[in-house]
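Side chains are part of it too, since the values below use all heavy atoms of this structure and drop only hydrogens, waters and symmetry mates.
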Amino acid sequence: MGIETELEAPEYGLQRTLKDLFAGAVGGVAQVLIGQPFDIVKVRLQTTSQYSSALDAATQIYKNERALAFYKGTLTPLIGIGACVSVQFGGFHYARRLFETRNLEKSGSGDLSYMQYYAAGSFAGITNTVLSSPIEHIRIRLQTQPHGAARIYNGPVDCIKKLTAHEGIRGLYRGTAVTLLREANAYGAWFAAFEYMMNKDAERNNIKRDEISTLKVALYGGLAGEALWLCSYPWDVIKSKMQTDGFGETQKYKTMRDCFAQTFKAEGLGGFWRGIGPTLLRAMPVSAGTFATVELTMRFIS
């Protein structure tokens, strides 16, 4: 019935897309506030060998840089990730509705297969890359720079100026190819896993989707977050290495392929999974909070 209404009233499609974007933005703010301390530990582990474990990294960051260091570089993702998650949910639901329309015309049913959910999620991830690539590049530079007087960047704007001074806009978008691969795999798995668990719960308990409890929504969102990283983590490692690399003569990795080759040669397969522990630990609360916030926001504004 919802699909027919949307097809008969095109203006409702725009209204729904705006709601998806708004709910995603609110979810993105929650995601950053919950996940930033975990993320800085993950990036430090991916890009340097000075820490023996996630606990050691967290301890040294706190000891040497104090508690606020766990929110170093937060301004950029707070604004940017809100926009990214907004695009993710807006893009996913836009693609989902296209699949619903196509399925309805072909078979009389708007239900999506889980490969279609994956494709819709991948579309969201690919669309999101134009935002996430420079935003994450800036965040990683700020997270990994030296502390105190040795710092390189005086905030996000200064970081942008210095990155573009080296290679123009290409410097800001370094690592975009591998980001594209990561985003497509990550968000395909994220949305497909979440939709599978939500649909199965509604089917099992013979209830509507919006009757699923917030606690369950959070649980399924958290588990979807684990799926996201397990399906995309090696690409994330390569992205982090490329986006913390030097410029000119100090640049170590010339291409994504070169970075993969050097990482495998120096660290073996384990190098592609360095930092996975704190990442999975972070994924559960961050993804749970994101989906729960988005679902609650959608229920409220609808």
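Below 30°, between 30° and 60°, or above 60°: for F264 and F272 the angle between ring planes is below 30°, a parallel geometry. Classified by interplanar angle (parallel below 30°, tilted 30° to 60°, perpendicular above 60°), the ring pair F291/F191 is perpendicular.
In this structure, the side chains of C259 and M242 come closer than 4.5 Å at one or more pairs of heavy atoms. Contact annotation: the side chain of T59 never approaches that of Y62 to less than 4.5 Å [non-hydrogen atoms, C-beta and beyond]. Counting heavy atoms from C-beta outward, I160 and L172 have side chains that approach closer than 4.5 Å. Residues V217 and F194 are in side-chain contact: their nearest non-hydrogen atoms beyond the backbone lie under 4.5 Å apart. You'll find the side chain of Y51 reaches within 4.5 Å of the side chain of R44, heavy atoms only.
At a cut-off of 3.5 Å, with distance as the only test, no side-chain donor of E203 or N199 sits close to an acceptor on the other residue. N185 and Y233 share no donor-acceptor pair across their side chains, judged by distance under 3.5 Å alone. A donor atom on one side chain and an acceptor atom on the other are not found under 3.5 Å apart for Y187 and N128. For the residue pair E183 and T129, no side-chain donor N or O sits within less than 3.5 Å of a side-chain acceptor on the partner. Side chains of E195 and Y220: no donor on one and acceptor on the other come within 3.5 Å. Counting only N and O atoms by type, the side chains of T179 and E136 include no donor and acceptor under 3.5 Å apart.
Salt bridge present: R97 and D20 bring a charged side-chain N and a carboxylate O closer than 4.0 Å. Taking the charged nitrogens against the carboxylate oxygens, D158 and K162 do have a contact shorter than 4.0 Å, which makes a salt bridge. Salt bridge absent: K216 and E211 never bring a charged side-chain N and a carboxylate O closer than 4.0 Å. A salt bridge links D236 to K42: one of the charged nitrogens lies within less than 4.0 Å of a carboxylate oxygen. Checked for salt-bridge contact, R204 and D201 meet the test: a charged N lies under 4.0 Å from a carboxylate O.
When every heavy atom of K252 is checked against every heavy atom of Q262, the shortest pair comes out as O-NE2, 3.0 Å. Taking both residues in full, the closest heavy atoms of A124 and Q88 are given as CB-O, 3.2 Å, listed atom of the first, atom of the second, then distance. Here the closest non-hydrogen pair linking K254 and G248 is NZ-O, 4.2 Å. The two residues S232 and L228 make their nearest non-hydrogen contact at OG-O, 2.8 Å. In terms of heavy-atom proximity, V294 sits nearest to G24 at CG2-CA, 4.1 Å. Annotation for L45 and R274: closest pair O-NE, 2.6 Å, computed over non-hydrogen atoms.
Relative to the ring axis of F247, R174 places its NZ or CZ within 45° and under 6.0 Å from the centre. Figure legend: cation-pi geometry between R96 and Y94 absent, as NZ or CZ is not positioned both under 6.0 Å from the six-membered ring centre and within 45° of its axis.
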_Test side-chain contact (heavy atoms from CB on, under 4.5 Å) applied to T101 and E105, step by step_ = CA-CA 6 Å; T101 302; E105 292 173 349; 3.8 Å; yes
*Assess whether side-chain contact (heavy atoms from CB on, under 4.5 Å) is satisfied between S86 and F22, documenting all intermediate values.*
CA-CA 6 Å; S86 176; F22 175 74; over 6 Å; no
*Kindly indicate, with the supporting measurements, whether the criterion ring pair (Phe, Tyr, Trp, His ring centres under 6.0 Å) is fulfilled by W190 and F89.*
CA-CA 11 Å; W190 198 46; F89 278 87; 5.7 Å; yes
_With side-chain contact (heavy atoms from CB on, under 4.5 Å) as the criterion, how do Q31 and S287 come out once you've worked through the C-alpha distance, each side chain's angles and the decisive distance to 0.1 Å?_
CA-CA 7 Å; Q31 183 180 115; S287 188; over 6 Å; no
_Evaluate L296 against T214 for side-chain contact (heavy atoms from CB on, under 4.5 Å), listing each step before the verdict._
CA-CA 8 Å; L296 285 173; T214 302; 3.5 Å; yes
_Applying salt bridge (Lys or Arg N to Asp or Glu O under 4.0 Å) to E100 and K106, what does each step give before you reach the verdict?_
CA-CA 10 Å; E100 286 175 345; K106 291 183 65 176; over 6 Å; no
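Y117 and Y114 have their aromatic ring centers within a separation under 6.0 angstrom.
Crowding of R170 atom CZ: a count of heavy atoms from other residues, nucleotides or ligands under 6.0 Å not exceeding 12.
Side chain of T176 to main chain of Y173: a donor-acceptor pair is present (N/O by atom type, distance under 3.5 Å, no hydrogens or angles).
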